[in-house]
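Below, chains carry the letters A, B, ... as their sequence lines are ordered, and counting in each starts from 1. Only heavy atoms go into these numbers, but all of them, side chains included; no hydrogens, no water, no symmetry mates. Note that the structure is predicted; figures quoted are calculated from it, not measured.
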Amino acid sequence: MKKNNAVLLSTPYLLWMAAFTLIPLGVVCYYALTDPATGAFSLRNLRDLGMYLPVLWQSIVYSLAAAAICLVLGYPVAYYIAQCGQTAQKLLYMLVMLPMCMSFLLRTLAWVGLLQDTGIINTLLGKLGIGPLRLIRTPGAVILGMVYNYLPYMILPLYSIIVKIDRRLIEAAEDLGCNGVQVFGRVILPLSVPGILSGLTMVFVPSVSTFYISQKLGGTDTVLIGDVIERQFKQGNNPNLGAALSLVLMVLVFVCTGIMNRFGGDSEEGGVIV
Amino acid sequence: MKRANRFITILIFIFLYIPMAVLIVASFNTGKDITQFQGFTLNQYARLFQDSGLLKLLGNSLIVSVLASFIATAFGTVAAVGIHNLNPRMRKAAMTLTNIPMTNPDIVTGVSLSLLFVFVGTQLLGQRNSLTFWTLLIAHITFNLPYVILNVMPKLKQMDSSLTDAAMDLGCTHVQAFFKVTLHEIMPGIVSGAIMAFTMSLDDFVISYFVSGLDFVTLPVEIYSYTKKPLHPKIYAMFTLLFLLILVLMVAMNLIQLYADKKKTASHRAGM
């Protein structure tokens, strides 16, 4: 009786998800393996992928840099929030979440205003007598955009892991003669590894596939894989090639999350946070 | 150590909020340029409310996100109860399926759905315009469902299963036991899933960009096409109002939760 109910209740959902996640991926494969002009089976799109290896490599490097910077910046914040009192924790958590709910297009656009050659930062620097710096349309600006947009995705999982660390473990380490640095290196840091891994994944995945950030803050030499995919679809170039590139991106992301999960063990909770 | 962390935290919060402050200041600017503050005005707000086109887009966004999150919450809650009672192997398969849209980059989800809709629409149904309101709604429901499932499942796991057994011993049917006992126990998960789904839907750009056609566009998609030319300052006014709205909502949610926690501890004390 209970078994039948379970199947009855979950089947429509499983069918829906199969229809709108698995089958679309099948359609992507179909497009990737057909010729744009004739619609016949072809490996041309896959052969053309070689041209985009430098772009793919650049996307990976930028996103890894962004993820690493997010970890370095986010860890002290998450650690600090976890040590605050109950009410302060809730308030700070909310303040980290709030930017995630606001239009990321407009927030990225605000960075254009800040970084432009005649922008707010250069105007302020000019008043200090420092000549206008080239800030926008640089790799640094793209990585800054990634860090800015996805830093909350690092802070929140880190916080939720650090806050659960048993205080008594820290006290025990102190009693056994560890100093502050040793307590951090031997107890707190190893225990926060699951949070670190899920934070890194959650920053890396949207960064590696972004196209808006690189379009707005980058220049002609900071094209990312997401830009190329977007162009194939929206500027009507070649959806078949776009499909092949999407497949590459998907495989890349699944390999990365697979590696993260292997290192982090079974982290079912990691995915729940965002 | 703690003081250093505190200092870094303050700097990071400044970093997170400066771009938003720039936009909010720009909404009171008489000039059009975001980088130069020429004078204070409230005109942008007046213009915002006279712009029926912009308000209609906001309406579109709200229609899609309310409908999608509502449907996904109902559908997802029922599915979560089903998945919870499946045998472990099937449950694992179901959760893997649920995690696919969560791990896939948005651009891949958007591209794959749009290819599916175009393929089915043009090749199988012979439509010329296959991207419509309905495809947009289907896409939003699909990426909202995992948020609901992943929020409801832990609550089902935490729940004491003897509660429903007790309800049925006392004469409830399965359906009655669900509405009288289970639903009440898992409500926090349902609410947080629904809120998450709604905010994700409202702010979604990437997936909507690929699956929406020309006749039904949401606000983020339109803002993207605006940003190729200079942006009109009334958009900043809308940003400011949305910022305030979300701030008020979040504070209210926190206060309600705080109040509920206090009540709970008070009743616990009274019980002892």
**Prompt:** Is it the side chain or the backbone of A:Leu114 that comes within 4.5 Å of chain B heavy atoms, both, or neither?
**Reply:** side chain
**Request:** Sort B:Phe210 into side chain, backbone, both or neither according to what part of it lies under 4.5 angstrom from a heavy atom of chain A.
**Result:** both
**Request:** Check each atom of A:Val253 against the heavy atoms of chain B and say whether the ones under 4.5 Å are side chain, backbone, both or neither.
**Result:** side chain
**Proximity breakdown for A:Leu22 and chain B, heavy-atom pairs closer than 4.5 Å** = side chain
**Request:** Compare all side-chain heavy atoms of B:Leu115 with those of A:Tyr30 and state whether any distance is below 4.5 angstrom.
**Result:** no
**Prompt:** Are side-chain heavy atoms of A:Tyr79 and B:Thr9 found at a separation under 4.5 Å?
**Reply:** no
**Request:** Count the heavy-atom pairs under 4.5 Å between each of A:Phe254, A:Tyr75, A:Phe211 and chain B, then report the option with the highest count.
**Result:** A:Phe211
**Complete:** Cut-off 4.5 Å, heavy atoms of chain B, and the answer for A:Gln86 is neither
**Complete:** Whatever's closer than 4.5 Å to a heavy atom in chain A on B:Ile12 counts as side chain
**Asked** Which atoms of B:Leu247 come close to chain A, meaning under 4.5 Å heavy atom to heavy atom: side chain ones, backbone ones, both, or neither?
**Response** both
**Prompt:** Under a 4.5 Å heavy-atom cut-off, does chain A meet the side chain of B:Val22, its backbone, both or neither?
**Reply:** side chain
**Asked** Side chain, backbone, both or neither: which part of A:Leu73 has a heavy atom under 4.5 Å from chain B?
**Response** both
**Minimum heavy-atom distance between B:Pro220 and A:Leu105, given as atom pair plus value** = O-CD1, 3.1 Å
**Message:** In the structure I gave you, are the side-chain heavy atoms of B:Met90 and A:Ser10 within less than 4.5 Å of one another anywhere?
**Reply:** no
**Request:** Tell me, for A:Thr257 versus chain B, whether the close heavy atoms (under 4.5 Å) come from the side chain, the backbone, both or neither.
**Result:** side chain
**Message:** Using every non-hydrogen atom in the two residues, find where B:Leu86 and A:Ala6 come nearest and quote the distance to one decimal.
**Reply:** N-CB, 3.9 Å
**Prompt:** Of the backbone (N, CA, C, O) and the side chain (C-beta and beyond), which part of A:Thr11 lies under 4.5 Å from a heavy atom of chain B, both, or neither?
**Reply:** neither
**Prompt:** Of the backbone (N, CA, C, O) and the side chain (C-beta and beyond), which part of B:Leu97 lies under 4.5 Å from a heavy atom of chain A, both, or neither?
**Reply:** both
**Prompt:** Parallel, tilted or perpendicular: which fits the ring planes of A:Phe104 and B:Phe205, with parallel below 30° and perpendicular above 60°?
**Reply:** tilted
**Asked** Based on non-hydrogen pairs under 4.5 Å, which of B:Ile107, B:Ile10, B:Ile100 is most in contact with chain A?
**Response** B:Ile107
**Message:** Given heavy-atom pairs under 4.5 angstrom as the criterion, report whether the side chain, backbone, both or neither of A:Val112 touches chain B.
**Reply:** neither
**Request:** Quick one: sort the A:Tyr148 and B:Phe15 rings into parallel, tilted or perpendicular, breaks at 30° and 60°.
**Result:** perpendicular
**Asked** Non-hydrogen atoms of chain B under 4.5 Å away: do they reach the side chain of A:Tyr31, the backbone, both or neither?
**Response** side chain
**Asked** Is there a side-chain contact between B:Leu116 and A:Phe20, using heavy atoms and a 4.5 Å cut-off?
**Response** yes
**Shortest non-hydrogen separation from B:Thr35 to A:Gly119 and the atoms involved** = CG2-CA, 3.7 Å
**Request:** Go through the atoms of B:Val206 and report whether side chain, backbone, both or neither lie under 4.5 Å from a heavy atom of chain A.
**Result:** side chain
**Asked** Given a strict heavy-atom distance threshold of 4.5 Å, which part of A:Pro99 is in contact with chain B: side chain, backbone, both, or neither?
**Response** both
**Request:** Could you tell me which portion of B:Thr109 (side chain, backbone, both or neither) has an atom closer than 4.5 angstrom to a non-hydrogen atom of chain A?
**Result:** neither
**Request:** Counting only heavy atoms closer than 4.5 Å, note whether B:Phe239 contacts chain A via side chain, backbone, both or neither.
**Result:** both
**Request:** Please flag which part of B:Leu219 lies under 4.5 Å from any non-hydrogen atom of chain A: side chain, backbone, both or neither.
**Result:** neither
**Item:** Contacting moiety of A:Ala19, where chain B heavy atoms sit under 4.5 Å
**Value:** backbone
**Complete:** Applying a strict 4.5 Å limit to non-hydrogen atoms, the region of A:Phe233 in contact with chain B is side chain
